[in-house]
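The structure displayed is predicted, hence computed values, not measured ones. FYI, side chains are in, hydrogens and waters are out, and symmetry mates aren't considered; it's all heavy atoms of this structure.
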Amino acid sequence: ATLVEAPMPGPLTGKSFDPADVAQGKYLVELLGCGSCHTDGALVGRPDKARRLAGSSIGIAYSNPLQNKHPGVVYPANLTPDPDTGLGSWNEEQIVKMIRTGVNRHGDQQLAVMPWPAYAKISDQDARAIAAYLQSLAPVNHRTPRNVEPGNKASSPYVHFGVYRTKQ
């Protein structure tokens with residue numbers, strides 16, 4: 001693959017990104033499988049390429065449906081720099097903190113459905129490269145459904161994650 005010679009401008013901020021950082025960030029996002037959850041339809045094997053990394057309308061149930069008729073459901077967020085529905089108002093430090101700790105810019109702790117515990121020791125350079133890549137994407141306006149607490153009925157579809165059985 002050939003790298004772009006000139007810095008790539010950010011779509012909304014006018015910020016320039018080092019092409020090597022963007023390429024490394026893209027590599028890491030693909031290696032870590034971010035699109036497997038954060039691309040609409042990917043969770044059911046039908047990824048919508050027009051909504052790549054723009055969040056999912058299909059959620060991930062994280063609590064045991066055998067114990068609760070209505071499991072908790074997380075809808076993966078829009079990672080594009082759209083200012084209304086994505087990361088457009090996030091800065092690099094906020095994105096890096098979210099990757100490493102699962103704490104968003106509002107101070108909310110995310111569930112480990114997003115495997116932030118596995119990303120906690122990612123290098124500064126790699127975390128910043130991921131942020132540069134995400135900030136360099138074309139913004140996609142796509143609002144995802146609100147997360148659902150266990151016991152509440154989800155109004156949007158979901159798949160099960162982390163279901164276990166204690167008895168057979």
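- In this structure, the side chains of I95 and Q135 come closer than 4.5 Å at one or more pairs of heavy atoms.
- Taking a cutoff of 4.0 Å between a charged side-chain nitrogen and a carboxylate oxygen, D126 and R100 do not qualify as a salt bridge.
- Across every non-hydrogen atom of G41 and I58, the tightest pair is CA-CD1, 4.2 Å.
- When atom types are taken as modelled, the side chain of W116 and the backbone of Q110 share a donor-acceptor pair closer than 3.5 angstrom.
- In terms of heavy atoms, L43 sits closest to G59 at CD1-O, 4.0 Å.
- Looking only at distances, no side-chain donor or acceptor of T39 sits under 3.5 Å from a matching main-chain atom of S36.
- Distance CE/M114 to SG/C34: 7.5 Å, rounded to 0.5 Å.
- The two atoms that bring G35 and A42 nearest to each other are O-CB, 3.5 Å, heavy atoms only.
- Rounding to the nearest 0.5 angstrom, the gap separating the CG atom in L53 from the NZ atom in K26 is 10.5 Å.
- A distance of 12.0 Å separates CD of Q94 from CD1 of I99, quoted to the nearest 0.5 Å.
- In Q109, the CD atom is crowded: over 12 heavy atoms of neighbouring residues, nucleotides or ligands sit closer than 6.0 Å.
- Heavy-atom neighbours of Y119 OH from other residues, nucleotides or ligands within 6.0 Å: above the threshold of 12.
- Cluster annotation: L111 and V159 are assigned to the same hydrophobic cluster (Ile/Leu/Val/Met/Phe/Trp/Tyr, side-chain heavy-atom contacts under 4.5 Å, transitive).
- Residue V73 comes nearest to A154 through the heavy atom pair CG2-CB, 4.2 Å, listed as atom of the first residue, atom of the second, then distance.
- Looking at N147, its side chain does come within 3.5 Å of a backbone N or O of Y75 through a donor-acceptor pair.
- At a threshold of 4.5 Å between side-chain heavy atoms, the hydrophobic network of Ile, Leu, Val, Met, Phe, Trp and Tyr places V140 and V29 in two separate groups.
- For E93, the CD atom counts as densely surrounded, since its 6.0 Å shell holds more than 12 non-hydrogen atoms of other residues, nucleotides or ligands.
- Of the possible donor and acceptor atoms, none in the side chain of T144 sits under 3.5 Å from a partner among the backbone N and O of A77.
- The only option from I60, V113, D40 that meets the side-chain contact (heavy atoms from CB on, under 4.5 Å) definition with P76 turns out to be I60.
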Evaluate Y133 against Q24 for side-chain contact (heavy atoms from CB on, under 4.5 Å), listing each step before the verdict.
CA-CA 8 Å; Y133 172 65; Q24 178 69 4; over 6 Å; no
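- With rounding to the nearest 0.5 Å, the separation of CZ in R128 from CD1 in I122 is 12.0 Å.
- Separation of atoms CG (L32) and CD1 (I130) is listed at 5.5 Å; rounding is to 0.5 Å.
- Of the possible polar contacts, one joining the T85 side chain to the H142 backbone as a donor-acceptor pair under 3.5 Å is found.
- N152 and H70 get closest at one heavy-atom pair: O-CB, 3.3 Å.
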When you look at Y62 and V74, which way does the side-chain contact (heavy atoms from CB on, under 4.5 Å) test go after all the steps?
CA-CA 7 Å; Y62 61 85; V74 172; 3.6 Å; yes
Pair N78, T80 - check side-chain hydrogen bond (donor to acceptor under 3.5 Å, both in side chains), show working.
CA-CA 6 Å; N78 184 340; T80 74; 2.8 Å; yes
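- Between Y158 and P71 the shortest heavy-atom distance is OH-CD, 3.6 Å.
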Going through the checks in order, is the side-chain hydrogen bond (donor to acceptor under 3.5 Å, both in side chains) test met by R105 and S89? CA-CA 10 Å; R105 69 190 187 114; S89 60; 3.0 Å; yes
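- Taking CZ of R51 as the reference point, atom OG of S57 lies at 5.5 Å (rounded to 0.5 Å).
- A single hydrophobic cluster is not seen to contain both L79 and V96; linkage of ILVMFWY side chains at heavy-atom distances under 4.5 Å, directly or through other members, places them apart.
- No salt bridge links K97 with E92; every basic N to acidic carboxylate O contact stays at or beyond 4.0 Å.
- Look at E30 and R52 and you find a salt bridge, because one of the NZ, NE, NH1 or NH2 atoms lies within 4.0 Å of a carboxylate O, short of that distance.
- In this structure the side chain of R143 reaches within 4.5 angstrom of the side chain of D84, judged on heavy atoms.
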